[in-house]
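Written out below as structure tokens is the structure these notes cover.
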Amino acid sequence: MELDLLGDRQRTHHCGELRPSHAGQKVFLAGWVDRRRDLGNLIFLDLRDHTGIVQVVLNPAVSREAHDQGEQVRGEYVVGVEGEVVVRKNETVNPQISTGEVEIQATRLLLLNEAKTPPFPLDDVARTSEEARLRYRYVDLRRARMQRNLRLRHEASLVVRQHMSEHGFIEIETPFLTRSTPEGARDYLVPSRLRPGHFYALPQSPQLFKQLLMIGGFNRYFQLVRCFRDEDLRADRQPEFTQIDVEMAFPRREELFDIIERLMEKLFALAGVKFARPFPRLTYAEAMERYGSDKPHTGVGLEWTRLELPESASGALKAAPSVKVLRAPEGKHFSRSQLDKLQDLAKASGAGWFSYVKTAGEGFQSPLAKTVGESAVASLARAAGMTAGEILLLIGSKSDGPSTINARHLDEASDVLRRELAGRLRPTPRGAWNFVWVVDFPMFEYDEKERRFTAMHHPFTSPREEDLPKLETDPAAVKARAYDLVLNGQEIGGGSIRMHRRDIQQRVFKALGLTGEKARERFGFFMDALEYGAPPHGGIALGWDRIIALMAGESNIREVIAFPKTASAVDLMCDAPAIVDPEQLDELGIQIKKD
RNA sequence: GGGGACGUAGUUCAGCUGGUUAGAACGCAUGCCUGUCACGCAUGAGGUCGCGGGUUCGAGUCCCGUCGUCCCCGCCA
């Protein structure tokens, strides 16, 4: 097929912008053939570009040559169209597209490139396997959904830069080739050619650099930055992902929260979403007690409360006197088998026992009645404040074993049950945007496998000042000045006020089991920096891909990333990772182990 | 590392209890068609049933292994 050259021609308009007001204008358009309708002596082309679709008419009475060219054209061919904008007759208007009142009478059709038949349909309704979409991502990106999502992402990044700049934050780039640090996620490593046997690590986040920028006197920093973590993937986790990284000197937590809340307000306005500020605050302890989760979907309702069992009941049930109870509506819809399933879920996630009370007419019905009697059940139901039609779920912890672990399992069970109920009773409310700040996280959690404390947030998070004395005596009780931002049950950001004093940083390292020597080896440069006038500072990092996905109504962050990887961290399009030439390995002094 | 789902035409899928030549829709090709817009009509091409092994007279179907994709747990400060 003979192709035409674009030459010096320039588009006069884009497809999606043509309106009756353009009638009579001579235009030159270019784009892809979305569809061809060949009626024999009359051919219609739907011409598509990034702005939309416009209908082109190839009429031999207007141009025999253009019509002849049109016969060769197929879907996804790249063409240029010279012609005139004409208003369509009333009966031929297409109200489904924005340009439906006009069409282009083509005087010339340039064939700029041919195209193989696409590997899958490009219309937005057709479902296609993600595997095919990722393999031919460059084709998939032409689809309206990806065009829409990536444009939204661009608009959102403009909002971020504008907003942060208005609040005195400046964007500074930090290195991608840096050094591996212990703690946290597995690093992606990059071998050094100039120092064989040595490796750079790609940053899990620019944590230390942004703190060093504060020490460097920049006052306020932000960055839309790529981060890398070599861990197993999920729908909301990619091996490389983007954060809005934020840090400020002399921070007041409430000011930071306000800046971020206003940012969220502006961002979600792009998606036409409004919500109230300030966002509610919830301590970690409260969140665990009421929802069993440190990232609760607060919009669902369904909160757990504590109920003290009457002494007689506690004895008869051989249960802890304090149980968690949850009142759910529409109790009559819970069949015996569904309740059995809830019981299985509760037990599987570590609850010691599970029971329920249903309302039945004036009274109550419960398997507990057999053990403790009708009247005890009734008083229990009244104590929980049950009203007609509700069902009351009760869970208690195991009575043997370490009580802290049992308590954690009970929280876990309350989270699992609550999410199960939410899924059944109140599928995520549409149009509800439930932001919540979760604050006062524990500083450390105990790692059973490694038999030591690890930082719950990260090892640069400052403990609350009043907890400093407990660093050595009772690490488990130390609360951190850390916070998470949660939206509809998803963690979309987290941060903390950092340590700016070397002495405290050293005590925290010690609590983490990092000996002086090891700390010096890994973090020596940073410990030194703390000694040269480090100001109080703190910040936050927000999960950019997750935020865009929520704004775009996508449940998978791959839908808002141009070239994402699969769940096994493979790029299906370019087939990465891949084997490299032996010479390349040789230069790096690397030998692959055979097993 | 563990669990679950899936893998059949270019795409999305059907294919029952193992049985003759593996189907549908869309797409694609060819022809006809001057007002279509998911154009229509007619004809046609298109299959390593992911891959390897096994059971069987016979495997898309059953078994074992393996690869790939998706979801979840562990993991991800």
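Heavy atoms only: backbone and side chains are in, while hydrogens, waters and symmetry mates are out. Within every chain, numbering begins at 1; the chains are lettered A, B, ... in the order of the sequence lines, protein sequences first and strands thereafter.
Across B:rU12, B:rC72, B:rG27, the shortest atom-to-atom separation from the side chain of A:Arg127 is found for B:rU12. Residue A:Gln55 places its side chain closer to B:rU36 than to any other of B:rC75, B:rU34, B:rU36. Listed candidates were B:rU69, B:rG35, B:rC71. Nearest to the side chain of A:Ala235 is B:rC71. The side chain of A:Val570 has B:rU69 as its nearest neighbour among B:rU69, B:rC75, B:rU36. Here B:rG35 is the nucleotide among B:rG35, B:rG27, B:rC70 with the atom lying nearest to any side-chain atom of A:Arg88. Of the candidate nucleotides B:rC28, B:rC75, B:rU36, B:rC75 has the atom lying nearest to any side-chain atom of A:Asp232.
Between A:Arg64 and A:Asp68 there is a salt bridge, since a side-chain N of the basic residue sits under 4.0 Å from a carboxylate O of the acidic one.
Annotation: B:rU55 and B:rA14 have their P atoms spaced 31 Å apart (nearest Å). Rounded to whole Å, the separation between the P atoms of B:rU61 and B:rC6 comes to 15 Å. Comparing the same atom, P, in B:rU66 and in B:rG3 gives a spacing of 12 Å after rounding to whole Å. Rounded to whole Å, the separation between the P atoms of B:rC13 and B:rG7 comes to 9 Å. For the P atom pair drawn from B:rA9 and B:rC49, the interatomic distance equals 9 Å after rounding to whole Å.
With sequence neighbours excluded, the residues forming a side-chain contact (heavy atoms from CB on, under 4.5 Å) with A:Arg143 are A:Phe120, A:Leu122, A:Asp124, A:Arg133, A:Asp140, listed by chain and number.
At the heavy-atom level, A:Arg35 lies under 4.0 Å from the strands shown only through sugar-phosphate atoms. Using a 4.0 Å heavy-atom criterion, one finds that A:Leu233 contacts no nucleic acid atom at all. The residue A:Asp123 sits apart from the nucleic acid: no heavy atom pair falls under 4.0 Å. Heavy atoms of A:Glu491 sit nowhere under 4.0 angstrom from any nucleic acid atom. The residue A:Thr461 sits apart from the nucleic acid: no heavy atom pair falls under 4.0 Å. A:Arg74 comes within 4.0 angstrom of the backbone, heavy atoms only, and of no base. Among the atoms of the strands shown, only primed sugar atoms or phosphate atoms (P, OP1, OP2) are found under 4.0 Å from some heavy atom of A:Gln96. Within 4.0 Å of A:Asp38, counting heavy atoms only, lies at least one base atom of the nucleic acid. Residue A:Arg36 is out of contact with every strand shown, counting any heavy-atom pair closer than 4.0 Å. Residue A:Thr92 is in base contact, counting any heavy-atom pair closer than 4.0 Å across all strands shown.
A:Leu18 places a side-chain heavy atom less than 4.5 Å from the side chain of A:Leu29.
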(request) Just do the side-chain hydrogen bond (donor to acceptor under 3.5 Å, both in side chains) check on A:Ser205 and A:Gln243 with the steps written out, would you? (result) CA-CA 8 Å; A:Ser205 81; A:Gln243 287 188 341; 4.9 Å; no

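Taking atom CG of A:Leu58 as the reference point, atom P of B:rC33 lies 17 Å away to the nearest angstrom. Following rounding to the nearest Å, A:Glu71 (CD) and B:rU30 (P) show an atom-to-atom distance of 11 Å.
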Return a table of donor-acceptor pairs under 3.5 angstrom between the side chains of residues 48-60 of chain A and protein atoms on other chains or two or more places apart.
from, atom 1, to, atom 2, distance (Å)
A:Arg48, NH1, A:Asp34, OD1, 2.6
A:Arg48, NH1, A:Glu76, OE2, 3.1
A:Arg48, NH2, A:Glu76, OE1, 2.9
A:Asp49, OD1, A:Thr51, N, 2.7
A:Asp49, OD1, A:Thr51, OG1, 2.5
A:Asp49, OD1, A:Gly52, N, 3.3
A:Asp49, OD2, A:Cys15, N, 2.8
A:Thr51, OG1, A:Cys15, N, 3.4
A:Thr51, OG1, A:Gly16, N, 2.8
A:Gln55, OE1, A:Arg37, NH2, 2.9
A:Gln55, NE2, A:Glu103, OE1, 3.1
A:Asn59, OD1, A:Ala61, N, 2.9

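Judged by distance alone, with hydrogens and angles left aside, A:Arg237 brings a side-chain donor or acceptor within reach of the base of B:rC75, the pair sitting under 3.5 Å. Judged by distance alone with a 3.5 Å cut-off, no donor-acceptor contact links the side chain of A:Arg229 to the base of B:rC76. Looking at A:Glu103, its side chain comes within 3.5 Å of the base of B:rG35 through a donor and an acceptor atom.
B:rG47 makes up no base pair with any nucleotide shown, lacking Watson-Crick or G-U wobble contacts both under 3.5 Å. Under the Watson-Crick and G-U wobble criteria, each requiring two contacts below 3.5 Å, nucleotide B:rC41 is paired to B:rG31. Across all strands shown, the partner of B:rC62 is B:rG54, judged by Watson-Crick or G-U wobble contacts whose two distances both fall under 3.5 Å. Partner assigned to B:rA24 is B:rU12, using Watson-Crick or G-U wobble distances below 3.5 angstrom.
Residues from residues 130-144 of chain A lying near RNA chain B, meaning a heavy-atom separation below 4.0 Å, are A:Glu130, A:Glu131 in numerical order.
The CD atom of A:Gln207 sits 11.0 Å away from the OG1 atom of A:Thr174 when rounded to the nearest 0.5 Å.
Ring geometry for A:Phe460 against A:Phe523 counts as perpendicular: the plane angle is over 60°, on a 0 to 90° scale with 30° as the lower cut.
Taking a centre distance below 5.5 Å and an interplanar angle below 30 degrees as the stacking criterion, A:Phe120 does not stack against the six-membered base ring of B:rU11.
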